[in-house]
*Asks:* 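Handing you a structure now.
Everything numeric in this text was worked out from a predicted model, so none of it was measured. Just so it is clear, the values below take in all heavy atoms, side chains as well, and ignore hydrogens, waters and symmetry mates.
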Protein chains: 2
Amino acid sequence: MTTGSKRTYNQYCGLATALDLLGERWTLLIIRELLIRPRRYGDLLADLPGIGTNLLAERLKFLVDEGLVRQRNLGGGSKRHAYELTETGEALRPAVLGLARWGMDFVGDLSAEATVRPAWAFLAVEAMLDPEQAPSENEQYEFRVDDQVFHIDVHDGTASAGAGPADNPVMTAITDAATFVQIGGGRLSPFAATVSGSLVLEGDIDVVLRCCALLGLDAGPVRVAAAPAAV
Amino acid sequence: MTTGSKRTYNQYCGLATALDLLGERWTLLIIRELLIRPRRYGDLLADLPGIGTNLLAERLKFLVDEGLVRQRNLGGGSKRHAYELTETGEALRPAVLGLARWGMDFVGDLSAEATVRPAWAFLAVEAMLDPEQAPSENEQYEFRVDDQVFHIDVHDGTASAGAGPADNPVMTAITDAATFVQIGGGRLSPFAATVSGSLVLEGDIDVVLRCCALLGLDAGPVRVAAAPAAV
DNA sequence: CTGCATCCGCCTCGATACTG
DNA sequence: CAGTATCGAGGCGGATGCAG
């Protein structure tokens, strides 16, 4: 903190400007966590293994200064507060989801050291949602990934994801976070996951196929099982 | 290069995986340049001031190894080749444009040391294009930013950007790169830029307003000038 | 106990010099 | 022209300390 000289690309361009704000290590992962829900400092520290306490504090202070994040006061003591995104930070959601969608095709095999969090599955569903594929039926699909429950709501040809259970789901998917990411990355078909038992689907076969299409998924050889007449 | 240990977030998540590939310094700016057009090593070095020769070589090698970039052989000597994006790398376009669009609202005043390149204006137009706002008319708008010429083609309710001049433009915008970015970031209205002479617009006023809407721009008090009856 | 600040070893970065 | 080799500076990661 001597000269205050910050490393910058010095380019008059939107992408370079965005990277001057977000390009440093851990910054976009902090944004990801806050896109899921507001968090306390300790929550972020626990959900981002390896970040180091000084870096997290420094990044948060910078993001607050730049107006992407603000502190909301929780009741209790003076130091009890949560970090949450401002409107400006929230505006990053489509861009971050775009990167996440692209990266899902590159997730490798699950190693022993890798961190897995069910909350990330919620962002994955948002990232996979293809608005063009929204079915004409008004219906809801519910997802239970470990301890996280969220849903997709299709209404008047528009699909959106939301936290918590669905009001009246026509399909329910129950699985664990690792299986969910593997399916999203195309490394595992919903059919195969159902056979192995790591995914449990409740709902009509047509509904399941509609939901898979909405998420850009190839369900696997489900049709064959349902209609053995076809090759 | 002893252990080959690469710094990774070790998170089973699409965004973390994407950042393991793209999150290091300069990487996304290299992708940006290749999204505009293929480049030689020397071109990239010239268009990315401050990168350093070793970093550029290292990043390119990594991107080639990961399958995002490939080398295309140009005629001449054996060492004459250009770098271009693979299909996988090209798939980053929407995500990168999303970040660029977000960042445009944060570009500050143009400083003396800042680099400005007219080629970036092409990506800016792509990033600003709002498919929802495509007019019903089939028409083309041409842009001449310094030495770069590109256009928007609206056809059957779909708008797309392309390099080179338009076949039959109903509007032509002539400006410099700095002015273009300032307009895109909302720091300058097309109207004000026209008054100061840094932007020259040729075309019917209705066409200009349609083009501004397509790019998410507030044209400025143009209506007042065209119809002085209104306040 | 939570929310940071300080310190230290190491790795990445940026710039220059050098080679095919 | 297209990189490789080298080295100082600074960002990062982990442990520890401390204040409210």
Side-chain angles (χ1 to χ4, degrees), chain A residues 1-11 19-30 33 38-65 69-84 113 115, chain B residues 1-11 19-30 33 38-65 69-84 113 115:
Chain A
M1 184 66 78
T2 53
T3 59
S5 70
K6 180 131 179 39
R7 188 178 270 176
T8 168
Y9 289 114
N10 260 320
Q11 296 185 354
L19 292 177
D20 279 341
L21 293 170
L22 310 167
E24 293 180 279
R25 200 161 162 76
W26 293 107
T27 302
L28 274 174
L29 294 186
I30 295 171
E33 294 303 314
R39 306 289 180 90
R40 306 253 308 275
Y41 177 89
D43 299 330
L44 292 169
L45 213 56
D47 284 332
L48 298 172
I51 190 179
T53 62
N54 54 346
L55 270 213
L56 178 56
E58 191 178 308
R59 297 286 187 268
L60 285 172
K61 180 182 299 182
F62 176 73
L63 291 173
V64 169
D65 286 346
V69 170
R70 66 172 159 251
Q71 296 178 256
R72 179 210 290 273
N73 212 322
L74 303 176
S78 61
K79 278 294 195 67
R80 295 189 57 85
H81 56 277
Y83 292 92
E84 65 182 5
E113 322 89 65
T115 309
Chain B
M1 183 65 80
T2 53
T3 59
S5 70
K6 181 139 177 41
R7 190 178 267 178
T8 168
Y9 290 114
N10 260 320
Q11 297 186 353
L19 292 177
D20 280 340
L21 294 170
L22 310 167
E24 295 179 278
R25 198 160 162 76
W26 293 108
T27 302
L28 274 174
L29 295 186
I30 295 171
E33 294 303 314
R39 305 290 181 89
R40 307 248 308 274
Y41 178 90
D43 300 330
L44 292 169
L45 214 54
D47 285 331
L48 298 173
I51 189 178
T53 62
N54 54 346
L55 269 212
L56 178 56
E58 192 178 307
R59 297 288 186 267
L60 284 172
K61 182 181 298 183
F62 177 73
L63 290 173
V64 168
D65 286 347
V69 170
R70 66 170 160 253
Q71 297 177 258
R72 181 214 291 271
N73 211 321
L74 304 176
S78 61
K79 278 295 194 65
R80 295 189 58 84
H81 55 279
Y83 292 93
E84 65 182 6
E113 321 90 66
T115 308

*Asks:* Rounded to the Å, how far apart are E24(A) CD and dC11(C) P?
*Replies:*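 Distance check: E24(A) CD to dC11(C) P gives 20 Å.
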*Asks:* Quick one: closest heavy-atom pair of R40(A) and H81(A), and the distance?
*Replies:*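 That would be CD-O, 3.5 Å.
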*Asks:* Establish, with yes or no, whether the OP1 or OP2 oxygen of dC4(C) is under 4.0 angstrom from a side-chain nitrogen or oxygen of Y83(A).
*Replies:*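 Answer is yes, contact under 4.0 Å.
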*Asks:* Taking 4.0 Å as the cut-off, does a side-chain nitrogen or oxygen of W26(A) come that near to OP1 or OP2 on dG11(D)?
*Replies:*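 Answer is no, no contact under 4.0 Å.
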*Asks:* Take atom CD1 of I30(B) and atom C1' of dG3(D), then tell me their distance rounded to the nearest Å.
*Replies:*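 In whole Å, dG3(D) C1' and I30(B) CD1 are 14 Å from each other.
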*Asks:* Please confirm whether the backbone N or O of W26(A) pairs with a side-chain atom of Y9(B), one donor and one acceptor, at under 3.5 Å?
*Replies:*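 Side chain of Y9(B) to backbone of W26(A): a pair is present.
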*Asks:* Round to the nearest Å and state the distance from K61(B) atom NZ to dA2(D) atom C1'.
*Replies:*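 It works out to 12 Å between those atoms.
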*Asks:* May I ask you to evaluate whether R80(B) reaches the phosphate of dC1(D), defined as a side-chain N or O under 4.0 Å from OP1 or OP2?
*Replies:*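 Negative; the distance criterion is not met.
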*Asks:* Distance check, rounded to the nearest 0.5 Å: K6(B) atom NZ versus D20(B) atom CG?
*Replies:*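 Separation between the atoms: 7.0 Å.
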*Asks:* In this structure, how many angstroms lie between the C1' atom of dC13(C) and the CG atom of N10(A), rounded?
*Replies:*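 Distance check: N10(A) CG to dC13(C) C1' gives 16 Å.
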*Asks:* What is the separation between atom CD on E58(B) and atom C1' on dT6(D), rounded to the nearest whole Å?
*Replies:*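 The answer, rounded to whole Å, is 14 Å.
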*Asks:* Just how far, in rounded Å, is P of dG3(D) from NE2 of H81(B)?
*Replies:*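 Between P of dG3(D) and NE2 of H81(B): 4 Å.
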*Asks:* Please table the atom pairs, donor to acceptor, closer than 3.5 Å between any side-chain atom in residues 45-65 of chain A and protein atoms at least two apart or in another chain.
*Replies:*
unit_1	atom_1	unit_2	atom_2	d
D47(A)	OD1	R117(A)	NE	3.1
D47(A)	OD2	R39(A)	NH1	2.6
R59(A)	NE	R25(A)	O	2.9
R59(A)	NE	T27(A)	OG1	3.4
R59(A)	NH2	R25(A)	O	3.3

*Asks:* To the nearest Å, how far apart are D43(A) CG and dT2(C) P?
*Replies:*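 Taking atom P of dT2(C) as the reference, CG of D43(A) is at 10 Å.
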*Asks:* Can you measure L29(B) atom CG to dG14(C) atom P for me and round it to whole angstrom units?
*Replies:*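 The distance from CG of L29(B) to P of dG14(C) comes to 11 Å, rounded to the nearest Å.
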*Asks:* Residues from residues 49-56 of chain B sitting under 4.0 Å of DNA chain C, heavy atoms only?
*Replies:*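 When residues 49-56 of chain B is checked for heavy atoms under 4.0 Å from DNA chain C, the hits, listed by number, are G50(B), T53(B), N54(B), L55(B).
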*Asks:* Is there a side-chain contact between Y41(A) and the phosphate of dA5(C), meaning an N or O under 4.0 Å from OP1 or OP2?
*Replies:*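 So the side-chain polar atoms of Y41(A) never come under 4.0 Å of the phosphate oxygens OP1 or OP2 of dA5(C).
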*Asks:* For a quick test of reading the model: is some side-chain N or O of R59(B) closer than 4.0 Å to OP1 or OP2 of dC13(C)?
*Replies:*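 Answer is yes, contact under 4.0 Å.
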*Asks:* In what stems does DNA chain C take part, counting only runs of at least 3 consecutive Watson-Crick or G-U pairs whose two distances fall under 3.5 Å?
*Replies:*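 C:1-20 with D:1-20 - these are the stems of 3 or more pairs that involve DNA chain C.
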*Asks:* OP1 or OP2 of dG14(C) sitting under 4.0 Å from any side-chain N/O of R7(A)?
*Replies:*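 Affirmative; the distance criterion is met.
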*Asks:* Rounded to the nearest 0.5 Å, how far apart are OG1 of T115(A) and CD of Q11(B)?
*Replies:*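 With rounding to 0.5 Å, OG1 (T115(A)) is 5.5 Å from CD (Q11(B)).
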